[in-house]
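Shown next, in structure tokens, is the structure this report addresses.
This structure is a prediction, so every number in the text was calculated from the model and none was measured. All residue numbers refer to positions in the sequence shown, counting from 1.
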Amino acid sequence: MAIKNRQNAHVTGIELQTQAAQRARLNLDVVEQQNIESDQLAFASGTFDCVICADVLEHMSDPAIVLRKLHHWLTEDGSLVASLPNVRHHTVVSSLLAGNWTYEPAGLLDADHLRFFTRREIEKLLFRIGFDIRELRMVPGDGFEAWQQAGRPCEVNIGSLLIRTPTSDEAAEFFAYQYLVQANKTSRTEYPLTSIIIATYNQLAYTRQCIDSIRMRTDEPYELIFVDNGSTDGTPEYLRSLVGARVVCNSTNRGFPAAVNQGVEIATGQQILLLNNDVIVTTGWLRRMLETLDADSQTGMVGPVSNNVSGPQQVPVGYRQLADLDGEAWDRHSRQPTSRETCGEVERLVGFCLLLRREVVDAVGRLDERFGVGNFEDDDFVRRARQAGFRAVIARNAFVHHFGSVSCRGGRSQNSVRIFLAAAESYGYHSAT
């Protein structure tokens, strides 16, 4: 009603409860009594200039489903306006530390809340749907004024709660009762299929973590291709149970290069991504790597940064547990747009996570299987690709956690070292003895 009083507007409401819908019809132009999550509403693409979700998304079992619908219904330059409670507020944190998570009739722990948000989780959710946040404003709650008057210290000190934070901005998040967000619909590049090839050899627990993270945090089209090298810990059975996955099982350990080549042979994607089974991917990982690959037609190979990798791809990290991984990766890299400043050309990329144009494989061939079990085959491949004129680039705004050497605890084999030195000499390099 406030909108109609302020300006000439046609306002449509969607309401689940009968009584609330009846009241709304007294003031709004159209009211649909529907379940926005499960019902099929007959709104065409580009129907609305603005959609308002006032204290709505936290009541949804899957807010992403609702946001995808809203994104479709908005005009190309349409806006989303939403308010969401902040579960990081100091009253919730201190109560939880005291062993309490008590629901209330209303407030931050409203008994009807099904989802909970912090500032990071709001940003990640909207990013994944395809919204560009224009403004994210905190609505301060109890204790904020006193904290401001104290000079905005990098700590929260209320009652028995004492939390030290790296910055005053992060401390302020503990005083945010809710966030108001205005986000615009963005027009994103729709990337073609990426074939993700994962070679496995036992280590089922790591493979499960890897696949779970891919399925939870990858929004671009992809196919999963697994090549198992004779695992005996139940890995083949698990892989075959994955709906939609393509699985090749070898009776013996043919080695990493041979397994990857088997995967490449059946891959149908326009891009090929080699991925170790001992990694955990983070929000936006594949899109940011694809954006880097797409930024320059001469770029043929892209790798992310990581916590555990040799060379310039390694970056310092602050997380100490995997529960903190995605949040730190988001804060660290989400504000770095894909550009030449965030993409570093290098001589070498490590194959633990390596995105390739199919044209690169077509031009230089596959991994050299003479490297046996593995090690150095990625160095050799990248060197051959660079010799053919393709650039190797780091996507500095894409982060992938790497446990490291899980399936190859024995280190580099002597045969791999000999093959690598022979390859290096073929390019004009000589080893020193």
key: Pairwise distance CG(Leu325) to CD1(Ile280) - rounded to 0.5 angstrom   = 6.0 Å

ask   = Is Arg386 salt-bridged to Glu347, cutoff N-O under 4.0 Å?
value = no

inquiry  = Is there a side-chain contact between Phe131 and Leu74 in this structure, where contact means two heavy atoms from C-beta onward sitting under 4.5 Å apart?
reply    = yes

query = Looking only at heavy atoms, what is the nearest atom pair of Val346 and Pro312, with distance?
reply = CG1-CG, 3.9 Å

inquiry  = Nearest 0.5 Å, please: how far is CG in Asn397 from CZ in Arg287?
reply    = 12.0 Å

query = So do Ile158 and Ser94 actually touch side chain to side chain, heavy atoms under 4.5 Å?
reply = no

inquiry  = With a 3.5 Å distance limit and no angle check, can you tell me whether Gln262 reaches the backbone of Val248 through a side-chain donor-acceptor pair?
reply    = no

query = Minimum heavy-atom separation for Cys53 to Leu70, with atom names?
reply = SG-CD1, 3.5 Å

inquiry  = Using every non-hydrogen atom in the two residues, find where Lys185 and His72 come nearest and quote the distance to one decimal.
reply    = NZ-O, 4.0 Å

key: Geometric cation-pi criterion, Arg88 with Tyr179: 6.0 Å, 45°   = no

message = Check this for me: does any side-chain nitrogen of one of Glu135 and Arg137 sit under 4.0 Å from a carboxylate oxygen of the other?
response = yes

key: Sidechain-backbone polar pair: Arg358 side chain, Gly269 backbone, donor-acceptor under 3.5 Å   = yes

task = Rounded to the nearest 0.5 Å, what's the gap from CD1 on Ile196 to CG on Leu286? Could you check?
result = 6.0 Å

request  = Using only heavy-atom distances, determine whether the side chains of Asp324 and Gln321 contain a donor-acceptor pair under 3.5 Å.
outcome  = yes

task = Taking the side chain as every heavy atom from C-beta outward, state whether Thr207 and Leu239 have any atom pair closer than 4.5 Å.
result = yes

message = Would you say Thr283 and Asp326 are linked by a side-chain donor-acceptor pair, where the criterion is simply a distance under 3.5 Å?
response = yes

note = The single option from Leu354, Leu356, Asp378, Val302 that satisfies side chain to side chain contact (heavy atoms under 4.5 Å, CB included) with Leu349 is Leu354

ask   = Can you tell me if Ser195 uses its side chain to pair, donor with acceptor, with the backbone of Ile272 under 3.5 Å?
value = no

message = Does atom CD (Glu37) have a neighbourhood of more than 12 heavy atoms from anything else shown, all under 6.0 Å?
response = yes

key: Taking every non-hydrogen atom, the tightest pair across Leu126 and Ala183   = CD1-CB, 4.3 Å

NZ/NE/NH1/NH2 to OD/OE distance under 4.0 Å, Arg288 and Glu291 = no

task = Answer yes if the side chains of Asp77 and Thr75 hold a donor-acceptor pair under 3.5 Å, and no otherwise.
result = yes

request  = Give, for atom CG of Asp132 and atom CD of Gln182, the distance between the pair rounded to the nearest 0.5 Å.
outcome  = 9.5 Å

request  = Decide, yes or no, whether a salt bridge links Arg120 with Asp331 under the criterion of side-chain N to carboxylate O below 4.0 Å.
outcome  = yes

inquiry  = Looking only at side-chain N and O atoms, does Glu220 offer a donor or acceptor that is under 3.5 Å from a partner on Thr194?
reply    = no

Cation-pi, Phe127 ring and Arg188 (6.0 angstrom, 45 degrees) = yes

ask   = Are Tyr201 and Thr235 close enough that some pair of their side-chain heavy atoms sits under 4.5 Å apart?
value = no

ask   = Between the side chains of Trp285 and Thr218, does any donor sit under 3.5 Å from an acceptor?
value = yes

task = May I ask you to decide if Glu58's main-chain N or O and His113's side chain share a donor-acceptor pair within less than 3.5 Å?
result = no

query = With distance as the sole test, does Glu328 use its side chain to make a donor-acceptor pair with the main-chain N or O of Gly318 at under 3.5 Å?
reply = yes

ask   = Within the side chain of Arg348, is there an N or O that forms a donor-acceptor pair under 3.5 Å with the backbone of Asp379?
value = no

message = Quick one, Phe226 and Asn277 - any side-chain contact, counting heavy atoms below 4.5 Å?
response = no

task = Output yes when a side-chain donor or acceptor of Arg152 lies under 3.5 Å from a complementary backbone atom of Ala172, and no otherwise.
result = no

ask   = Salt-bridged, Asp380 to Arg384, with N to O below 4.0 Å?
value = yes

ask   = Between the side chain of Gln203 and the main-chain N/O of Asp278, is any donor-acceptor distance below 3.5 Å?
value = no

inquiry  = Quick check: closest heavy atoms across Arg357 and Thr299, and the distance to 0.1 Å?
reply    = NE-O, 2.5 Å

message = As an exercise, state the distance from CD of Gln313 to CZ of Arg396, rounded to the nearest 0.5 Å.
response = 9.0 Å

inquiry  = Under 6.0 Å from the ring centre and within 45 degrees of the ring axis: does the NZ or CZ of Arg208 meet both conditions for the six-membered ring of Tyr238?
reply    = yes

task = Test side chain to side chain contact (heavy atoms under 4.5 Å, CB included) on Asp112 and Tyr103 and set out the steps.
result = CA-CA 9 Å; Asp112 289 335; Tyr103 287 96; over 6 Å; no

ask   = Can you find a heavy atom in the side chain of Met138 that is under 4.5 Å from one in the side chain of Arg119?
value = no

key: Contacts of Tyr177 that satisfy ring pair (Phe, Tyr, Trp, His ring centres under 6.0 Å) - sequence neighbours left out   = none

inquiry  = Would the distance check show the side chain of Asp294 and the main-chain N or O of Leu290 forming a donor-acceptor pair, the cut-off being under 3.5 Å?
reply    = no

key: Candidate pair Leu367 and Phe256, rule side chain to side chain contact (heavy atoms under 4.5 Å, CB included), full reasoning   = CA-CA 9 Å; Leu367 299 185; Phe256 181 80; 4.2 Å; yes

ask   = Going by heavy atoms in the side chains, are Asn276 and Cys353 under 4.5 Å from each other?
value = no

request  = Return yes if some donor-acceptor pair links the side-chain N/O of Gln271 with the main-chain N/O of Pro192 below 3.5 Å, else return no.
outcome  = yes

ask   = Roughly how far, to the nearest 0.5 Å, is the CG atom of Leu80 from the CZ atom of Arg134?
value = 13.0 Å

request  = Please assess Ile198 against Ile214 for the test side chain to side chain contact (heavy atoms under 4.5 Å, CB included), listing each intermediate value before the final yes or no.
outcome  = CA-CA 12 Å; Ile198 302 176; Ile214 291 172; 4.1 Å; yes

task = Under the side chain to side chain contact (heavy atoms under 4.5 Å, CB included) rule, what do Leu109 and Thr102 come out as? Steps first, then yes or no, please.
result = CA-CA 7 Å; Leu109 293 182; Thr102 305; 5.6 Å; no

ask   = Ring centres of His401 and Phe399 under 6.0 Å apart?
value = no

message = Can you confirm whether Val56 sits close enough to Ile36 that some side-chain heavy atom of one is under 4.5 Å from a side-chain heavy atom of the other?
response = no

message = Using every non-hydrogen atom in the two residues, find where Pro153 and Ala171 come nearest and quote the distance to one decimal.
response = O-CB, 3.6 Å

